[in-house]
Trainee: 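I have a structure here, written as C-alpha cells, and I will follow up with some questions on it.
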Amino acid sequence: MSIAARPNFDVERLRQALKGQLFTPEDDGYDDAHRLFTPVYDGVRPAAVAQVADASDIATVLTIARETGVELAIRSGGHSAAGHSTTDGGIVVDLRSLKTLEIDVDAMTAWADSGLTAAEYSNETNAVGLATGLGDTGSVGLGGITLGGGIGFLVRKHGMTIDSLLAAEVVTADGQVVRTDEESHPDLFWAIRGGGGNFGVATKFQLRLEELDRIVGGMMVLPATVDTIVGFIAEAEQAHEELSTIANVMSCPPLPFVPEELHGSLVIMALVAWCGDIDEGQKVADRFRQLAQPIADMVQEMPYPEIYGPEDEEYRPLAVARTLWADTFDSATAETILGYLEDSDAPMRVAQLRVLGGAMARVPNDATAFAHRDRKMMINVASFYEGPDDRQRRETWVSDFAKSLGNGDLTGYVGFLADEGQDRVRAAYPGGTWDRLRRVKAQYDADNLFRLNQNIPPE
Ligand SMILES: Cc1cc2nc3c(=O)[nH]c(=O)nc-3n(C[C@H](O)[C@H](O)[C@H](O)COP(=O)(O)OP(=O)(O)OC[C@H]3O[C@@H](n4cnc5c(N)ncnc54)[C@H](O)[C@@H]3O)c2cc1C
C-alpha cells in the first residue's frame with residue numbers, strides 16, 4: 001500500500017467495535033503484529049491488524065470486508081510460505097490472542113483455540129500425559145496446520161492432525177458461527193480437513209488426544225551416502241508405526257556439536273520419534289545407529305513436546321521450496337538427491353524425506369479433503385537464498401530438483417505450497433476432491449471472501 005493510500009473503511013469505528021486490539025501503521029506494536037515467520041513479506045503493509053477477542057470480533061471484521069471489498073487475511077501462526085496471512089492495504093484477522101485450551105482428560109479430547117501454536121498445545125496436553133499429532137515445528141499455528149492436514153511426529157501411529165479432528169467452530173463468510181462435525185454441516189467438516197482457510201475462520205477445534213507422555217526421540221546426524229540414505233528409508237518403512245521420521249539430507253550447518261571439518265558436508269540430519277514402549281524404541285533407534293557411526297546422536301527418552309526444541313524468533317532465513325509425493329525410493333533416487341545437493345553452492349540446501357503410511361494410509365482418500373493417503377513418502381526440497389540476486393537461481397534449482405524426483409508429477413502438500421500458481425493448487429486436490437471442494441466453497445463462500453489462501457474458486 002502506498003504511504004498516501006487511505007483504507008476505504010473507517011479504521012476508528014472498527015477499533016471501537018472490537019473487544020480485541022487493533023493495530024494500524026501508526027500504532028506501537030504494528031510491526032510485530034503484521035510480521036510473519038518468513039521475512040519475505042515484511043514489506044507488505046496491512047491497513048489494520050485486528051487481534052480479535054472472540055468470534056463476534058471476527059464477524060465484525062467480516063462484515064466490513066463484505067461491505068467495502070477490503071482484502072481480508074486470516075492469521076494463526078503466520079507460517080504461510082505464500083504470505084497468505086498478511087495483505088497489502090487490507091485487514092488481517094489475527095487469531096493469536098485466542099489461546100484457550102480446555103482438556104477433558106476422561107474423554108481424551110480437547111477444545112483448542114486456533115491461535116495456539118503446536119508447542120503451546122503440546123506442552124499443555126503433555127502436562128496431563130496426552131498428545132495430538134501436529135507438525136515438526138513448535139511455532140506453527142494450530143489454525144493453519146489443522147486446516148491443511150498436519151503431518152508430523154505421530155503421523156504413522158495416529159494419522160494426520162485432521163484424523164484427530166472431531167469438530168470445529170467456524171465463522172462463515174456471512175458472519176454466522178457454525179459448529180461443524182460429522183453430523184452437523186458434514187460437507188463443511190469434510191472440506192476443512194485439508195481444504196485450508198477457504199471456508200471460514202476456524203476459531204476452535206475439538207481434537208482427540210492419545211495417551212503419550214514420553215517418547216524415544218530427537219536428532220541423529222549420520223553421514224549422507226547412497227547406502228545410508230537408502231538404508232535410513234528402508235528402516236523407517238519397516239519399523240512399526242510407533243515410529244515416524246523426518247530425514248533431512250542436507251549440507252551440515254555449523255552446529256556446535258558437529259566437528260568443524262564436517263560443517264558443509266552432506267549429512268542426514270534425522271528427527272526420529274518413537275511413541276511406543278520405551279525399551280523397544282531404544283532398540284529401533286539402534287538400527288539407525290548401525291547404518292553408520294553417527295556424527296551426533298541426541299536420540300533419547302524425553303517428554304514428547306521436547307522433540308520441538310527451542311526456536312529463535314530472530315532466525316528468519318530466506319528460502320524457496322517444493323513439495324512432492326513419492327511411492328518408491330531406491331539408490332537412483334538417493335544418487336539424484338546427493339547429485340543435486342553437491343551441485344548447489346547455496347548456504348543451505350536440503351531434501352526432506354518423510355516416510356508415511358500407517359494410520360494416515362488407513363483413512364480412505366475421499367474421507368477428507370486431503371487425498372494423498374496412499375502415497376508412501378512426502379519429499380520437500382528447499383534452498384536458502386541471500387536476496388533478489390540469487391533467488392531465481394535457487395528457485396530454478398528447487399524446481400528442477402523436484403521435477404527430477406517427481407518424474408513430472410505436479411501434486412504436492414497444500415500445507416507446504418508457496419505462491420506456486422493455480423495449477424499446483426489444483427494438483428494438490430486430485431480426483432473428485434477438487435470438484436467437491438468447489439461445490440462446498442460455493443455453498444459457504446460464494447463470493448470468495450476468503451481468497452487469500454491456496455484458493456479454491458467457488459463452483
Ligand atoms: C518451518 C515450517 C515447518 C512446517 N512443518 C510442517 C510439518 O511438519 N507438518 C505439516 O503438516 N506442515 C508443516 N508446515 C506447514 C504448515 O502447516 C502450514 O504452512 C500452515 O498453513 C501454517 O499454519 P499457520 O497457522 O502457522 O500459518 P498462517 O500463515 O497463519 O496461516 C496459513 C494459512 O491458513 C489460513 N489460516 C490460518 N489459521 C486459520 C484459521 N483459524 N481459520 C481459517 N484460515 C486460517 C491462513 O489464512 C493462511 O492461508 C510447516 C511450515 C513451516 C514454515
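Each ligand, and each atom within it, is numbered from 1 in the order the structure gives. Residues take their numbers from the sequence shown, with the count starting at 1.
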Trainee: What are the two closest non-hydrogen atoms of Phe257 and Ala296, and how far apart are they?
Mentor: CD1-CB, 3.6 Å
Trainee: Between Asp42 and Arg316, is the closest basic N to carboxylate O distance under 4.0 Å?
Mentor: yes
Trainee: Could you identify the single nearest non-hydrogen protein atom to atom 53 (C) of ligand 1 and state the distance to 0.1 Å?
Mentor: His79 CD2, 3.4 Å
Trainee: Can an N or O of Gly415 be found at a distance shorter than 3.5 Å from an N or O of ligand 1?
Mentor: yes
Trainee: With a 4.0 Å cut-off on N to O distance, would you call Arg45 and Glu71 a salt bridge?
Mentor: no
Trainee: Could you tell me whether ligand 1 has any atom less than 4.0 Å away from a heavy atom of Glu169?
Mentor: no
Trainee: Within a radius of less than 6.0 Å around CD of Glu102, do more than 12 heavy atoms belonging to other residues, nucleotides or ligands occur?
Mentor: no
Trainee: Backbone or side chain, does any N or O of Gly197 fall under 3.5 Å from an N or O of ligand 1?
Mentor: no
Trainee: Quick check on ring pair (Phe, Tyr, Trp, His ring centres under 6.0 Å): which of Phe416, Tyr413, Trp325 does His372 satisfy it with?
Mentor: Trp325
Trainee: With heavy-atom distances below 4.0 Å as the criterion, list the atoms of ligand 1 near Arg354.
Mentor: 7 (C), 8 (O), 9 (N)
Trainee: Among protein heavy atoms, which lies nearest atom 36 (N) of ligand 1, and at what distance?
Mentor: Ile74 O, 4.1 Å
Trainee: To which protein heavy atom is atom 8 (O) of ligand 1 closest, and what is the distance rounded to 0.1 Å?
Mentor: Asp136 N, 2.7 Å
Trainee: Identify the closest protein heavy atom to atom 9 (N) of ligand 1: which residue and atom is it, and at what distance?
Mentor: Ile151 O, 2.7 Å
Trainee: To check your reading of the model: name the closest protein heavy atom to atom 24 (P) of ligand 1, its residue, and the distance in Å.
Mentor: Gly77 N, 3.5 Å
Trainee: Does only the side chain of Leu142 get under 4.0 Å from ligand 1, or the backbone, or both, or neither? Count heavy atoms.
Mentor: neither
Trainee: Quick one: which of Ala118, Gly141, Ser114 has a heavy atom closest to atom 26 (O) of ligand 1?
Mentor: Gly141
Trainee: Quick one, Arg394 with Gln392, criterion side-chain hydrogen bond (donor to acceptor under 3.5 Å, both in side chains). Give me CA distance, side-chain angles, the key distance, then yes/no.
Mentor: CA-CA 5 Å; Arg394 306 307 182 199; Gln392 188 51 53; over 6 Å; no
Trainee: Should one rank Phe37, Tyr413, Phe199 by closest heavy-atom distance to atom 11 (O) of ligand 1, which comes out on top?
Mentor: Tyr413
Trainee: For atom 38 (N) of ligand 1, what's the nearest protein heavy-atom neighbour? Residue, atom name and distance, please.
Mentor: Ser76 CB, 3.3 Å
Trainee: So, are Lys99 and Glu120 salt-bridged, with charged N and O less than 4.0 Å apart?
Mentor: yes
Trainee: Between Asp187 and Arg436, does any side-chain N to carboxylate O distance fall below 4.0 Å?
Mentor: yes
Trainee: Going from CG on Leu324 to CZ on Arg375, what distance comes out if it is rounded to the nearest 0.5 angstrom?
Mentor: 8.5 Å
Trainee: Check if Ala73 has a non-hydrogen atom at a distance under 4.0 Å from any atom of ligand 1.
Mentor: no
Trainee: Considering non-hydrogen atoms of the protein only, which is the closest contact for atom 2 (C) of ligand 1, and what is the distance?
Mentor: Thr137 OG1, 3.9 Å
Trainee: Counting heavy atoms only, which part of Leu95 comes closer than 4.0 Å to ligand 1: side chain, backbone, both or neither?
Mentor: side chain
Trainee: Check each of Thr87, Asn453, Ile145, Leu72 against atom 17 (O) of ligand 1 and report the one with the nearest heavy atom.
Mentor: Ile145
Trainee: Is the terminal nitrogen or CZ of Arg193 (NZ for Lys, CZ for Arg) located under 6.0 angstrom from the six-membered ring centre of Phe189 and within 45° of that ring's axis?
Mentor: yes
Trainee: Quick one: which ligand 1 atoms are inside 4.0 Å of a heavy atom on Gly135?
Mentor: 7 (C), 8 (O), 9 (N)
Trainee: Could you identify the single nearest non-hydrogen protein atom to atom 34 (O) of ligand 1 and state the distance to 0.1 Å?
Mentor: Gly144 CA, 3.9 Å
Trainee: Below 4.0 angstrom from a heavy atom of Gly200, which ligand 1 atoms are there? Numbered from 1 as shown, please.
Mentor: 42 (N), 43 (C)
Trainee: Check for a donor-acceptor pair, side chain of Arg156 on one end and backbone N or O of Gly358 on the other, with a separation under 3.5 Å.
Mentor: no
Trainee: Between Lys204 and ligand 1, which residue portion shows a heavy-atom distance shorter than 4.0 Å: side chain, backbone, both, or neither?
Mentor: neither
Trainee: Hey, is Ala81 one of the residues with a heavy atom under 4.0 angstrom from ligand 1?
Mentor: no
Trainee: Is the shortest side-chain N to carboxylate O distance from Arg214 to Glu301 below 4.0 Å?
Mentor: yes
